[in-house]
S.K.: 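What follows is a single structure, and I will ask about it in a moment.
Quick note on labels: first sequence line is chain A, next is B, and so on, each numbered from 1.
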2 protein chains.
Amino acid sequence: MFSQTVEYALRAIVHLADSAPDSQTKDEIAAATLVPPAYLSKVLQSLRKADIIQTQRGVGGGMRLVGTPETLTILQVVNAVDPIKRIETCPLGIRSHGKNLCPLHRRMDEALASVESAFGATTLSEVLSEPHGSYPLCSHPPVREGQLNILPTLPCAPQTDGTPD
Amino acid sequence: MFSQTVEYALRAIVHLADSAPDSQTKDEIAAATLVPPAYLSKVLQSLRKADIIQTQRGVGGGMRLVGTPETLTILQVVNAVDPIKRIETCPLGIRSHGKNLCPLHRRMDEALASVESAFGATTLSEVLSEPHGSYPLCSHPPVREGQLNILPTLPCAPQTDGTPD
DNA sequence: TTGAATGTGGATATTGACATCCATTATTTG
DNA sequence: CAAATAATGGATGTCAATATCCACATTCAA
């Protein structure tokens with residue numbers, strides 16, 4: 001239903017919002033969100049073109065939010081990479097009758113509208129500040145190890161929690 | 001957002017529901033719904049495997065609804081050809097924590113749930129019996145010509161209604 | 001100024017969704 | 001049975017989404 005690109009973009013932007021207003025490099029974001037680094041570049045380009053993030057080349061560079069998590073909605077991110085296409089005209093008619101959708105396509109469009117509405121009403125800050133203390137990219141706080149480690153800090157790092165397979 | 005296959009399946013099933021309990025051949029459905037005939041075969045196969053339609057080979061054969069338009073929902077049709085995949089577990093975690101989605105994916109799943117709910121609550125008969133007299137596959141009654149014609153009856157046949165390009 | 005860090009953009013591969021074609025099977029009618 | 005009708009299933013083709021790679025441009029620090 002949602003494209004892989006949307007999934008990646010949202011993961012990345014959540015991570016960026018979480019570290020706002022600081023910058024993160026592409027590789028840092030990729031490691032934290034488990035998105036293929038090479039492809040993440042492309043996705044982030046779309047977000048930059050949509051003026052959702054700023055980029056900075058060179059040493060100490062990276063990506064950061066243009067605005068604040070309070071004002072940025074999930075919908076803006078989604079529309080930047082893979083816009084929700086509302087059904088404007090009957091997909092059957094060569095020349096559709098304006099806004100008069102048939103009952104079938106009206107229902108389908110209403111479904112799209114509900115998604116659009118829900119996403120448009122959700123800011124990044126809302127995603128980040130859930131009351132239950134759950135963490136954005138997984139259901140528990142990220143593993144923070146007080147050491148330089150080989151593996152990047154994975155929000156949802158594979159970990160055996162005692163539960164057998 | 002919705003796949004082409006879903007679009008085709010819904011068009012076909014609306015047409016079948018509209019002519020229920022009669023049969024329609026694949027080519028009749030294809031002509032009426034403007035779906036590529038060869039591909040429609042594949043889509044209809046999915047509906048048959050889901051026991052939503054019955055098929056009959058040979059002279060006088062075709063496809064018809066198994067049930068009634070009153071009990072068949074859009075969701076059943078959608079799930080037969082391209083199931084709505086709810087987000088059950090965190091897409092990031094190798095081993096996700098059961099049903100505890102992170103805030104981001106919970107929102108995304110809620111959007112999917114709203115689509116699922118809307119589609120599950122809509123029967124084919126509801127689509128067919130809109131109060132405004134609008135017609136299922138387009139916003140006006142189909143062109144019915146009292147003659148044998150070369151072109152099939154297209155519900156949304158391309159027609160110049162006086163509006164310039 | 002040099003080199004390391006970092007994003008940019010173009011070329012290219014991979015994959016699955018969409019679509020077509022055709023030989024075959026099943027059914028009905030004459 | 002023979003012929004016409006109609007669905008079935010397998011093989012194949014096409015294309016856009018996904019994904020990778022690399023040469024290049026930009027920036028900072030030493």
S.K.: Out of C:dT6, D:dA19, C:dC18, which nucleotide sits closest to the side chain of A:Tyr8?
M.R.: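 Nearest to the side-chain atoms of A:Tyr8, counting from C-beta on, is D:dA19.
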
S.K.: Grab the CD-P distance between B:Glu28 and D:dT5 for me, whole Å please.
M.R.: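 So the CD-P distance, B:Glu28 to D:dT5, works out to 13 Å.
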
S.K.: Let me know the distance between NZ of B:Lys26 and P of D:dT5, rounded to the nearest Å.
M.R.: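 Those two atoms, NZ and P, are 14 Å apart.
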
S.K.: Please name the residue in the list B:Asn79, B:Leu75, B:Val6 that meets the side chain to side chain contact (heavy atoms under 4.5 Å, CB included) test with B:Phe119.
M.R.: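 With B:Phe119 as partner, side chain to side chain contact (heavy atoms under 4.5 Å, CB included) holds for just one option, B:Leu75.
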
S.K.: How long is the line joining CD1 of A:Ile29 and P of C:dT6, in whole Å?
M.R.: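 Spelled out: CD1 on A:Ile29 to P on C:dT6 is 12 Å.
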
S.K.: Whole Å only: how far is the CE atom of A:Met1 from the P atom of D:dA17?
M.R.: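 To the nearest whole Å, that distance equals 17 Å.
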
S.K.: Can you check the B:Gln4 CD to D:dA16 C1' distance for me, whole Å?
M.R.: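 Rounding to the nearest Å, CD of B:Gln4 and C1' of D:dA16 are 13 Å apart.
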
S.K.: Would you indicate, yes or no, if D:dT18 has its OP1 or OP2 atom less than 4.0 angstrom from a side-chain nitrogen or oxygen of A:Tyr39?
M.R.: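 True: A:Tyr39 side-chain N/O within range (under 4.0 Å) of D:dT18 OP1/OP2.
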
S.K.: Can you work out whether A:Asp82 or B:Gly61 has the more 5'-proximal nearest nucleotide on DNA chain D?
M.R.: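 Result: B:Gly61.
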
S.K.: Less than 4.5 Å apart, side chain to side chain, heavy atoms only: is that true for B:Ile29 and B:Val35?
M.R.: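 No - every pair of side-chain heavy atoms lies 4.5 Å or more apart.
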
S.K.: In whole Å, what is the span from the CG atom of A:Asp27 to the C1' atom of C:dG7?
M.R.: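 Between C1' of C:dG7 and CG of A:Asp27: 10 Å.
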
S.K.: Counting just side-chain N and O atoms, does A:Thr5 come under 4.0 Å of either OP1 or OP2 of D:dA17?
M.R.: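 A:Thr5 to D:dA17 OP1/OP2: no side-chain N or O under 4.0 Å.
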
S.K.: Closest approach of A:Ser19 and A:Gln24, non-hydrogen atoms and distance?
M.R.: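 The pair with the smallest heavy-atom distance is OG-CG, 3.4 Å.
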
S.K.: Provide, to the nearest angstrom, the distance between the CG atom belonging to B:Leu40 and the C1' atom belonging to C:dC21.
M.R.: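 Atom-to-atom, B:Leu40 to C:dC21, this comes out as 16 Å.
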
S.K.: Starting at CD of A:Gln24 and ending at C1' of C:dG7, how long is that distance when rounded to a whole Å?
M.R.: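 Result: 15 Å.
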
S.K.: Identify the heavy atoms of B:Val66 and B:Gln54 that sit nearest to each other, and give their distance.
M.R.: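 In terms of heavy atoms, the two residues are closest at CG2-CG, 3.4 Å.
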
S.K.: Between A:Leu44 and A:Tyr39, is there shared hydrophobic-cluster membership here, with clusters defined by ILVMFWY side-chain heavy atoms closer than 4.5 Å?
M.R.: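 Linked, A:Leu44 and A:Tyr39 end up in one cluster.
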
S.K.: If you compare all heavy atoms of B:Leu47 against all heavy atoms of B:Ala80, which two are closest, and at what distance to 0.1 Å?
M.R.: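 Scanning both residues, the minimum pair turns out to be CD2-CB, 3.9 Å.
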
S.K.: Apply salt bridge (charged side-chain N to carboxylate O under 4.0 Å, His left out) to B:Glu7 and B:Arg11, showing your working.
M.R.: CA-CA 6 Å; B:Glu7 166 76 25; B:Arg11 284 191 208 174; 2.7 Å; yes

S.K.: Provide a list of protein-nucleic acid N or O atom pairs under 3.5 angstrom, restricted to nucleotides 21-26 of chain D.
M.R.:
from   : atom 1 : to      : atom 2 : distance (Å)
D:dA25 : N3     : A:Arg57 : NH1    : 3.2

S.K.: Considering just the side-chain nitrogens and oxygens of B:Arg48, establish if one lies under 4.0 Å of OP1 or OP2 belonging to D:dA6.
M.R.: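 Answer no for this pair, as no side-chain N or O of B:Arg48 is under 4.0 Å from OP1 or OP2.
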
